[in-house]
Amino acid sequence: AFTESVERTFRELFPAPARPGPFFDLVPRFVFSLMDGMALARIVEPDDEGPARVIELLKALSPMLEHGPHAFQESKP
């Protein structure tokens, strides 16, 4: 129920691009799994700056998650 709601909301907010990457459908699960792990890390090490860095990494990886590995390749003339 919750997972289905999250996935439905994700699809409403982020429609699949014309060329979705192979992992596009897994993005909501990936992000929630990552956030669960970061919440646990915050409990164990409240002063750790690692979770903030992980969020920055997630932002950097988001084009690949949305469009696949080709998102980082330079376009060829």
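In what follows, every heavy atom counts, from backbone to side chain, and hydrogens, waters and symmetry copies are set aside.
Screening residues 34-52 for side-chain hydrogen bond (donor to acceptor under 3.5 Å, both in side chains) gives no qualifying pairs among residues at least two apart or on separate chains.
Cluster annotation: Leu13 and Val27 are assigned to the same hydrophobic cluster (Ile/Leu/Val/Met/Phe/Trp/Tyr, side-chain heavy-atom contacts under 4.5 Å, transitive). In terms of hydrophobic clustering, with Ile, Leu, Val, Met, Phe, Trp and Tyr side chains grouped at heavy-atom distances under 4.5 Å, Val44 and Met35 are assigned to different clusters.
In this structure, the ring pair (Phe, Tyr, Trp, His ring centres under 6.0 Å) partners of Phe14, at least two apart in sequence or on a different chain, are Phe10.
A pairwise comparison of heavy atoms in Pro17 and Phe24 identifies CD-CE1, 3.7 Å as the closest pair.
Residue-environment remark: CD (Glu12) exceeds the threshold of 12 foreign heavy atoms within 6.0 Å.
With Ser5 contributing its side chain and Ala1 its backbone, the two residues share no donor-acceptor pair below 3.5 Å.
Taking 4.5 Å as the limit, some side-chain heavy atom of Ile55 sits within range of a side-chain heavy atom of Met38.
No salt bridge links Arg53 with Glu56; every basic N to acidic carboxylate O contact stays at or beyond 4.0 Å.
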